[in-house]
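Read through the structure below, which is laid out as structure tokens, and then see the notes.
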There are 2 protein chains.
Amino acid sequence: MCQLLGMNCNTPTDIVFSFEGFRRRGGLTDHHVDGFGIGFFEQKGVRLFHDDKPSAQSPVADLIKAYQIKSENVIAHIRKATSGRTSLANTHPFVREMWGHYWMFAHNGHLQGFHPPGGQYYRPVGDTDSERAFCHILEQLRQRFDQRPDDDTLFQAVAGLVAEIRRHGLFNFILSDGLVMFAHASTLLHYIVRQAPFGEARLLDDDVTIDFSAVTTPNDRVAVIATLPLTENEIWHQLACDELVMFRDGLIEKRDCPANPRYMSAEEGLAAARAAGTAV
Amino acid sequence: MCQLLGMNCNTPTDIVFSFEGFRRRGGLTDHHVDGFGIGFFEQKGVRLFHDDKPSAQSPVADLIKAYQIKSENVIAHIRKATSGRTSLANTHPFVREMWGHYWMFAHNGHLQGFHPPGGQYYRPVGDTDSERAFCHILEQLRQRFDQRPDDDTLFQAVAGLVAEIRRHGLFNFILSDGLVMFAHASTLLHYIVRQAPFGEARLLDDDVTIDFSAVTTPNDRVAVIATLPLTENEIWHQLACDELVMFRDGLIEKRDCPANPRYMSAEEGLAAARAAGTAV
């Protein structure tokens, strides 16, 4: 499968440390070599970078490192193509405007037989199941609400839509409007919340250590979400299969977890992705 | 005023030569130092770069040069801020999806008292008159047509909307859906169509000459649109005040020109922009 990375914070934070580990899975420490995409919210604006080069070698990824963009919400996706054309229109994350805010979405998995009717407000441009699912979620929310509802109503609505869509297959995704960040796991999705007292972290994919206490203030709180943990000396939490969470300001604000949660091992998750015809 | 650059071609073409001259007006040969944006269509996909650094010195602009992205439709905008915050959400070009295609828009000018009611399909994210005008055009088109109409119907509809909007002030803009490119002049907008036999061109803003015959095939056709001509030894054509044109495959396919066309000199155009409170 492809891999997902998300960050939700209470203060603009640069994602370079996490992204440096993550991008090495695109061609160096793993084989997700069919391009990548990363999107940053900057206040209400959105900055998107896509490249069809492997992220480990991409000059676009080098630029991201050099620029050290600070953002409260970031979504990234590295791709191992299975079927379907690799084209810019099919590259995650996808972006649309709803209720006067941009919404951003990246998906890893595979939805079978998922062909919702053409939307009134939102239509896919490319031909992926992922963009169809994103447009379907927005379409249903927009049909139901003319303005952004409160977080509780919004979360319940998203949870209901996700429960329908995941019947079609693997639906690991990250979704954000720049205010909150939704994360849903069908198979593998992990997260960590970093806050004071900050310590040191070592990347799994590179010989790099960072001392977060030197680059943060005591009030900072940063949630990082990734398909698989990015560091070797921190405790990452796993989302259960079919669990949906909503982060705000670096904390989980809402959670919809099955009554009897099941957690997949990395091996099971990779096997499930293979069985679903998704690249691993 | 800010400056606009557009390119519409019958074959994917790199815009580096034109962009290199254009970007120097962002801090070197002119004073449009408040950032820039450039968007490329790649088939149905869109690649956007924004930077708040002056385009002449921007590492993002360097990356664009290094990448030599080939595209059939490109829109760029360099900015001299007048009023209003410089923020990513207010940076041109703007993008929305309509009828299953992305639409891209950049504006130079100033619309006074232009506050159309909030759209059903399209709402601004930032707070510029430009994004309001873009959303208004899409909103009206989408309300009228559920699918993309033929070029003639589309052009007439856009022409009608533009005639209303320009009553509010200066409305130089470039708009594209990746298939066609609209250009409208209130004051200054020039274009050139390059086709066989190709010759040499020298940039006005830099000591750079290109021999197009060495980098093209005899079938290539490339229209370049810019606020002011970019080269010194080619003949650029000027759009009349209130003229709207639609390019397809590097040629003007539709044209809506006043019965008694009036052409502004560069000096008049700059004076009009100053009078309207737009940066020059």
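In the text below, chain A, chain B and the rest are named by the order of the sequence lines, each starting its count at 1.
Proximity to chain A (any heavy atom under 4.5 Å) is shown, for Asp62(B), by neither the backbone nor the side chain. Interface residue His101(A): only backbone heavy atoms are found under 4.5 Å from chain B. Only the side chain of Arg96(A) comes within contact range of chain B, with heavy atoms under 4.5 Å apart.
Between chain A and the residues Leu48(B), Leu63(B), Val95(B), Thr91(B), the largest count of heavy-atom pairs under 4.5 Å involves Leu63(B). When Arg47(B), Met98(B), Arg142(B), Glu97(B) are compared by the number of non-hydrogen pairs under 4.5 Å with chain A, Glu97(B) comes out ahead.
The CG atom of Leu88(A) sits 11.5 Å away from the CZ atom of Phe40(B) when rounded to the nearest 0.5 Å.
Within residues 114-125 of chain A, the residues having any heavy atom under 4.5 Å from a heavy atom of chain B are, by residue number, Gln120(A), Tyr121(A), Tyr122(A), Arg123(A), Pro124(A), Val125(A).
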